[in-house]
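Working notes, beginning with the structure itself.
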Amino acid sequence: MSEASPVVTWEIRDRVALIGIDHPPVNAASQAVRAGLLAAIERAGGDPAVDAVVIFGHGRTFVAGADIREFGKPPASPILFEVCLAIEDCPKPVVAAVHGTALGGGCELALAAHARVAAKDAKFGQPEVNLGIVPGGGGTQRLPRLVGMLRAIEMNATGKPIGAVEAAGLGLVDSLADGDLVAAAARHARGLAGLPPRKTRDVAIPAFDRADAEAAIAGVERRARGQISPGEAARMTLKAADLPFMEGQAAEREVFLRLVASDQAAALRHVFFAEREVAKVAKTEGVAARPISRVGVVGAGTMGAGIAVAFVEAGYAVTVIETTDAALDAGRGRIDGTWARSVASGRLGEADKAARLDGIRFSTDLGVLADADLVVEAVFDDAEVKRGLFARLSAVVGPDCVLATNTSYLDPNDLATVVVNPGRFVGLHFFSPANVMRLVEVVDCAATSPETLATALAVTKKLRKLAVVTGVCEGFVGNRIWAVFRRECEFMLEDGALPHEIDAAMESFGLAMGPFAVFDLSGLDIAWSLRKRKAATRDPNERYVAIADRLCEMGRFGRKTGAGWYAYPDGKKTVDRQVIAIVEEESAKKGIARRPFSPSEIVDRLVAVMGREGEAILAEGIAARASDIDLVFVNGYGWPPRLGGPMFQAALRRG
Ligand code: 3H9
């Protein structure tokens, strides 16, 4: 085998040129790959010793897409669509041999080949929309020619990959291979030698109903909730039916270039890399996790029940502990209810539900946790209760059993003081509902050993959740920033804004729900009791807004009591004059002359205050990176990925 370029290999076997992409880890189509491929294709086209060509990927995959790290920089020649055209125009048959993933630019390279041979477990997809862009190498124009317009709109607009078997059924894959993929592709290529190559761009789009396509696009735009790329990808795909290929290709390139430079695309790239960075935790480098199979969950309230469900669904053997039979029954009911909803929606069979529930050991006796590898505490957030529990747990479980607290606000270092062998103590801060929310703040306490932290991260990964490691401070990362966000909302209320104005501003910024609607949904009472607990030690010179207290004193705890920041006649959120009157009274009490706030001022102030708290968190070493903080908000507080998170937004505003 000879080297055509450092990242593209060249070999001729039985008159078939084997062009291999060798750019670990995922063979991203970087400039060097594109240049190497172009040179190799031109060489194959002109080499009299070559009758046909196979393009394949070395290592674990075909090509996972364009090199995302190149986005945001000036395009470097040759660009992907030129390479795709060169493949398609090669006078000799070119077959793509696909294993692993052919995603984005990888799928486009395969589409430009004259045929595709795939391993049965290969995947094809155009996930560009998830990065805020549309395909830029001809994906919107070639895909409908092979799979039909409606399917192509769906694939390009959702970004969801499809398996090779389905792709074969759709006409995207010509042949499925068992065993040696490159050999099978070479055989396929040899069979095509001498025949005129079938150019995908010359294939007629199968007949389709235009009204169906328009309806599909309207659906895509409705579901995109402010994200631009899905609608653009869908519309661009439909253009394949209206424009000659080269014009369609040029139009696609234009949209690609416009979107790749957008804030949404920058935010989505930020989130893509943030998710890969967050897993890199210096303290656990080279440290093996302990094997965990038996998990105890103490406390079966809303949080504990959700945690138990999550562990069962990830395949752990779960024991649920409560203090009384009645509490245990209520917990079992909560767990049962969660799975009953899955059965009702058709996601779970009745028999599977019964098997899951039967698999849980329910007990009021802590002693049954003697064989547990991990115990997660999810009892009432009270320091005395939790300290007592951990002291008793320490006496029951084995010396290496990992002990985790789900506390939101208490100091876990304080809880760890009662634990025998506190190196095995860690925080696992789940978000409610714990079986649904992807975020877990893994709290690295003062005594937490590297092995315990590595174990907590491995467990979280097995739960298919996103772990963000945080240090110890009040509220950890998420709730600490949420607290200053909440305070700033209340400052603006007192200064002149109204709850529905702040909500409208944040909703038009991109949040699915404004903060006051969220406060009402999650309930005002927990924050109120926290404020009351702290009242005695609060700095009297600190600005304190009493509006929320007044609502709580009236029993307005949010949706669950039918009133909070809004009224809910017949369950419908409605602006409440009584709340406005309270807000205005509180401003008057402090002699504040109320003034109007523009939506952009509201957004800027809230983003700025979150960004500043995030900077403090970084300076204190509570979070490792600004992008970790962003992931907390994207995965735990409903921030859409297209906003990138508060740190990203704060940096964007600083310019
Ligand atoms: C596109 O193609 C646009 C074109 O239409 C037009 C162009 C003109 N680039 O995820 P992993 C890195 S847009 C650069 O942990 P896995 C990743 O950062 C692209 N780097 O592995 C990580 O680096 P590190 C469309 C990339 O096995 C390492 O590779 N394609 C790229 O869990 C391993 O990644 C996509 O959106 C890339 N394209 O999952 C697919 N991809 O080790 C994006 C990965 O330094 N990729 N890296 O942290 C994926 O979805 C997953 O990586 C994949 C493998 C499923 C392939």
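Fair warning: this is a prediction, and the values are worked out from it, not measured in the lab. Counting convention: from 1, in listed order, for ligands and their atoms alike. Because only heavy atoms are used, hydrogens play no part in the values below, and waters and symmetry mates are left out as well, while side chains stay in.
Considering backbone and side-chain N/O atoms, Phe272 never comes within less than 3.5 Å of an N/O atom of ligand 1. Of the N or O atoms in Glu108, one or more lie within a sub-3.5 Å distance of an N or O in ligand 1.
For ligand 1, the atoms closer than 4.0 angstrom to any heavy atom of Phe273 are 18 (O).
Protein heavy atom closest to atom 48 (O) of ligand 1, with residue, atom name and distance, is Lys280 NZ, 2.9 Å. Protein heavy atom nearest atom 26 (C) of ligand 1, with residue, atom name and distance: Val26 CG2, 4.0 Å. Ile68 N, 2.9 Å is the protein heavy atom nearest to atom 9 (N) of ligand 1. In this structure, atom 29 (O) of ligand 1 lies nearest to the protein heavy atom Pro25 CG, 3.4 Å. Regarding atom 30 (N) of ligand 1, its nearest protein heavy-atom neighbour is Ala64 O, 2.9 Å. Scanning the protein for heavy atoms near atom 16 (P) of ligand 1, the closest one is Arg60 NH1, 3.7 Å. Looking from atom 8 (C) of ligand 1 to the surrounding protein, the closest heavy atom is Phe256 CZ, 3.5 Å. The protein non-hydrogen atom at the shortest distance from atom 6 (C) of ligand 1 is Gly136 N, 3.4 Å.
The salt bridge (Lys or Arg N to Asp or Glu O under 4.0 Å) test applied to Glu247 returns no partner, not counting sequence neighbours.
Within the structure, ring-ring contact (aromatic ring centres under 6.0 Å, His included) contacts touching residues 155-185 (residues at least two apart or in different chains) do not occur.
Proximity annotation for atom 5 (O) of ligand 1: of Glu275, Glu128, Glu252, Glu128 comes nearest, heavy atoms only. With Ala66, Gly65, Ala29, Gly104 as candidates, the residue nearest to atom 38 (N) of ligand 1 on a non-hydrogen basis is Ala66. For the residues Lys123, His23, Glu70, Arg276, the heavy atom positioned nearest atom 11 (P) of ligand 1 is part of Arg276. The heavy atom nearest to atom 55 (C) of ligand 1, considering only Thr140, Leu109, Leu103, is found in Leu103. Which of Asn156, Ile133, Asp67 comes nearest to atom 20 (N) of ligand 1 through a heavy atom is settled by distance: it is Asp67.
Residues Ser627 and Arg625 have side chains that never bring a donor and an acceptor to within less than 3.5 angstrom of each other.
Distance remark: protein heavy atom not present below 4.0 angstrom from atom 32 (O) of ligand 1.
A ring-centre distance under 6.0 Å is not found for Phe272 and His270.
Ligand 1 lies out of reach of Gly139, whose nearest heavy atom is not under 4.0 Å from it.
Around CZ of Arg198, the count of heavy atoms belonging to other residues, nucleotides or ligands within 6.0 Å does not exceed 12.
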